[in-house]
Amino acid sequence: MELRRVQVTRGGTFFISLPKEWAEKNGLKRSSVVATSEAADGRLFIDPRYDVERIPSTVVIKPSPHLEREIIGKYLLGYDIIRIEAKDRIRLEEREKVKKTSSRLVSLEIVEEDYSKITLQCLLGPSALSPEKVMRREQSISLSMHKDAVTALIDGDAHLAKNVIDRDDEVDRQYFLLVRILRTIVQNPSLSENLGVHPIDCLDYRQAASLIESIGDLSSQIAEHTSQLKGLKIGEVSSEPLLRLHKIVYEAHQESVISFLSHNITMAESIREGRASFEETFKEAESAFNAQPADLAPYLLSAVSLIGRIYDHTIDISDLTMPKTI
């Protein structure tokens with residue numbers, strides 16, 4: 001960091017001199033125009049290339065046993081173009097892995113392909129979607145999975161349970177997209193201003209999004225238990241406390257993200273204050289499931305435990321709620 005002393009002209013204009021090396025590196029000369037923008041925290045940004053079209057960032061990777069992880073990693077880092085290049089040729093199994101991986105990532109498409117090279121490009125600009133919009137989409141899918149997983153468990157609906165499991169991939173896609181956007185914001189102050197998200201807020205967004213993604217995973221596990229029951233239905237005695245437990249957890253799940261995005265401290269506190277009601281209903285459900293036949297009880301007890309973990313995640317999301325920065 002270089003410190004510069006502020007000067008004032010006789011007319012009352014404030015000014016500072018620009019670092020010579022920085023000015024020369026950016027091609028500035030007498031009468032050059034730069035753009036300035038003020039951040040929400042009072043910092044001032046100087047952009048010497050405000051009118052220059054952004055050059056897509058490109059990275060090249062080699063086929064390897066960790067090709068899938070490499071592609072996801074570069075996508076999350078915000079690269080626009082990912083090239084997979086082989087010395088001789090890209091094998092069939094590697095091509096299938098590239099196609100499968102790109103399908104898991106929002107807007108990442110194969111735009112070029114030949115015997116030794118595959119080019120992937122993210123067709124979604126970094127400012128096209130706000131973190132809030134992506135998180136709402138992620139939570140919407142996770143909420144529907146949560147609700148349908150419990151419905152499938154009560155009704156013994158294996159078809160609905162499979163549908164819940166299939167939706168888990170879409171939650172992952174939205175999570176990866178959100179992480180990509182957040183990392184791009186951290187590296188680009190002007191984008192932070194345009195989207196209205198302070199870089200420090202990205203930490204909380206990332207944590208909340210990860211918890212929502214985990215709720216999707218837990219809902220998928222509940223649905224898997226339904227599949228293992230092979231159409232067996234739980235009795236009315238067990239379904240009644242389970243429905244009451246689900247109602248408490250579902251509403252907490254819904255309100256936790258609302259409180260986080262709206263910075264509603266009062267709502268966040270009310271979610272935590274509901275723990276006593278949750279614990280009482282949780283014990284009733286456990287007691288009802290213990291009375292079930294031996295071929296049902298283990299699956300149902302496991303399912304109610306998963307619902308309890310979903311509730312813990314909703315509490316964690318609500319705890320991330322902070323007062324809105326002025």
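- The distance from the CD atom of Glu132 to the CG atom of Asp201 is 11.5 Å, given to the nearest 0.5 Å.
- Val197 is listed as a side-chain neighbour of Cys202, based on a closest heavy-atom distance under 4.5 Å.
- Contact between Leu320 and Ala208 at its shortest, heavy atoms only, is CD1-N, 3.6 Å.
- In the hydrophobic clustering of this structure, Ile82 does not group with Val60; members are Ile, Leu, Val, Met, Phe, Trp, Tyr whose side-chain heavy atoms approach within less than 4.5 Å, directly or through other members.
- Under the 4.0 Å criterion applied to side-chain N and carboxylate O atoms, Asp80 and Arg180 are assigned as salt-bridge partners.
- Residues Arg272 and Ser318 bring no donor and acceptor atom of their side chains to less than 3.5 Å of each other.
- Separating the CG atom in Leu218 from the CG atom in Leu306 is a distance of 6.0 Å, to the nearest 0.5 Å.
- With rounding to the nearest 0.5 angstrom, the CD1 atom of Ile46 is 5.5 Å from the CD1 atom of Ile16.
- Atom CD1 of Ile200 is surrounded by 12 or fewer heavy atoms from other residues, nucleotides or ligands within 6.0 Å.
- Under the 4.5 Å side-chain contact rule for hydrophobic residues, Met135 and Val186 do not share a cluster.
- In this model, a donor atom of one side chain and an acceptor atom of the other lie less than 3.5 Å apart for Gln174 and Glu170.
- Counting all heavy atoms, side chain and backbone alike, Cys122 lies closest to Tyr79 at CB-O, 4.4 Å.
- Atom CD1 of Ile248 is separated from atom OG1 of Thr314 by 11.0 Å, given to the nearest 0.5 angstrom.
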request  = Please step through side chain to side chain contact (heavy atoms under 4.5 Å, CB included) for the pair Leu77 and Arg183, ending with a clear verdict.
outcome  = CA-CA 6 Å; Leu77 286 173; Arg183 285 186 169 180; 3.6 Å; yes
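- You'll find the side chain of Glu255 stays beyond 4.5 Å of the side chain of Tyr250, heavy atoms only.
- Residues Ile154 and Phe282 are members of one and the same hydrophobic cluster, defined by side-chain heavy-atom contacts under 4.5 angstrom among Ile, Leu, Val, Met, Phe, Trp and Tyr.
- Asp168 has its side chain out of reach of Ile141: every pair of non-hydrogen atoms, C-beta onward, lies at least 4.5 Å apart.
- Between Glu24 and Lys29, none of the side-chain N atoms (NZ, or NE/NH1/NH2) sits under 4.0 Å from a carboxylate O, so this pair counts as no salt bridge.
- Nearest heavy atom pair, residue Phe15 against residue Val8, reads CE2-N, 4.2 Å.
- Using modelled atom types, one side-chain atom of Ser102 and one backbone atom of Val98 make a donor-acceptor pair closer than 3.5 Å.
- Considering every non-hydrogen atom in both Pro48 and Val34, the closest pair reads CA-CG1, 4.0 Å.
- Using a distance-only test at 3.5 Å, with no hydrogens or angles considered, no donor-acceptor pair links the side chain of Asp155 to the main chain of Asp157.
- Side chain of Ser305 to backbone of Leu301: no donor-acceptor contact under 3.5 angstrom is found.
- At a threshold of 4.5 Å between non-hydrogen side-chain atoms, the residues Ile215 and Ile317 count as touching.
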task = Apply the test side chain to side chain contact (heavy atoms under 4.5 Å, CB included) to residues Leu129 and Ile181: give CA-CA distance (whole Å), side-chain angles for both, the deciding distance (0.1 Å), then the verdict.
result = CA-CA 8 Å; Leu129 292 172; Ile181 293 172; 4.3 Å; yes
task = Show the numbers, then the answer: is there a salt bridge (Lys or Arg N to Asp or Glu O under 4.0 Å) between Arg95 and Glu113?
result = CA-CA 10 Å; Arg95 292 181 186 278; Glu113 183 176 3; 2.9 Å; yes
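- Checking Ile307, Leu242, Val164, Leu160 one by one against Leu153, the side-chain contact (heavy atoms from CB on, under 4.5 Å) holds for a single residue, Leu242.
- With salt bridges taken as basic N to acidic carboxylate O contacts below 4.0 Å, one links Arg4 and Glu2.
- Counting heavy atoms from C-beta outward, Gln121 and Pro56 have side chains that stay 4.5 Å or more apart.
- By the neighbour-count criterion of 12 heavy atoms within 6.0 Å, atom CZ of Arg309 is sparsely surrounded, having that number or fewer from other residues, nucleotides or ligands.
- By the 4.5 Å heavy-atom criterion applied to side chains, Glu286 and Val304 are counted as neighbours.
- More than 12 heavy atoms of other residues, nucleotides or ligands shown are found within 6.0 angstrom of NZ on Lys62.
- Across Pro63 and Glu94, no two heavy atoms sit closer than the pair CB-OE2, 3.4 Å.
- Under the 3.5 Å distance criterion, with hydrogens and angles disregarded, no donor-acceptor pair is assigned to the side chains of His263 and Thr321.
- A heavy-atom distance below 4.5 Å is not found between the side chains of Tyr115 and Ile90.
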task = Just do the side chain to side chain contact (heavy atoms under 4.5 Å, CB included) check on Lys74 and Glu70 with the steps written out, would you?
result = CA-CA 6 Å; Lys74 302 307 181 188; Glu70 287 264 20; 3.8 Å; yes
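- The pair Glu93-Lys97 does not meet the salt-bridge criterion, since no charged nitrogen lies less than 4.0 angstrom from a carboxylate oxygen.
- The aromatic ring centroids of His146 and His246 lie less than 6.0 Å from each other.
- The backbone N or O of Ile258 lies less than 3.5 Å from a partner atom in the side chain of Ser262, making a donor-acceptor pair.
- The CH2 atom of Trp22 sits 5.5 Å away from the CG atom of Asn26 when rounded to the nearest 0.5 Å.
- Between Tyr205 and Phe260, the gap from one ring centroid to the other is short of 6.0 Å.
- A donor-acceptor pair under 3.5 Å links the side-chain atoms of Ser214 to the main chain of Ser210, judged by distance alone.
- When side chains are defined from C-beta on, Pro131 counts as touching Ile185, because their heavy atoms get closer than 4.5 Å.
- Taking CG of Asp319 as the start and CE of Met322 as the end, the distance is 8.5 Å to the nearest 0.5 Å.
- When atom types are taken as modelled, the side chain of Ser287 and the backbone of Lys283 share no donor-acceptor pair closer than 3.5 angstrom.
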Side chain to side chain contact (heavy atoms under 4.5 Å, CB included) evaluation trace for Ser142 with His253 = CA-CA 9 Å; Ser142 179; His253 179 187; 3.5 Å; yes
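- Nearest heavy atom pair, residue Gln228 against residue Tyr299, reads OE1-CE2, 3.1 Å.
- Looking at Ser140, its side chain never comes within 3.5 Å of a backbone N or O of Arg136 through a donor-acceptor pair.
- Each of Asp148, Asp172, Asp217 was scored for a salt bridge (charged side-chain N to carboxylate O under 4.0 Å, His left out) with Arg167, with one residue passing: Asp148.
- Checked by atom type and distance alone, the side chain of Gln207 never pairs as donor or acceptor with a backbone atom of Leu203 at under 3.5 Å.
- One finds a salt bridge joining Arg244 and Glu284 here, because a Lys/Arg side-chain nitrogen approaches an Asp/Glu carboxylate oxygen to under 4.0 Å.
- Tracing side-chain contacts under 4.5 Å through hydrophobic residues (I, L, V, M, F, W, Y), one never reaches Leu76 starting from Ile81; they form parts of separate clusters.
- When the side chains of ILVMFWY residues are joined at heavy-atom separations under 4.5 Å, either directly or via intervening members, Leu108 and Ile110 end up in a single hydrophobic cluster.
- The existence of a salt bridge linking Arg173 and Asp169 is excluded, since no basic side-chain nitrogen approaches an acidic carboxylate oxygen closer than 4.0 Å.
- Side-chain N or O atoms of Ser103 include one that pairs as donor or acceptor with a backbone N or O of Lys100 at under 3.5 Å.
- Remark: Arg275 engages Glu279 in a salt bridge, criterion side-chain N to carboxylate O under 4.0 Å.
- Ionic pairing of Arg104 and Glu68 is present here: one or more N-O contacts between side-chain nitrogen and carboxylate oxygen are shorter than 4.0 angstrom.
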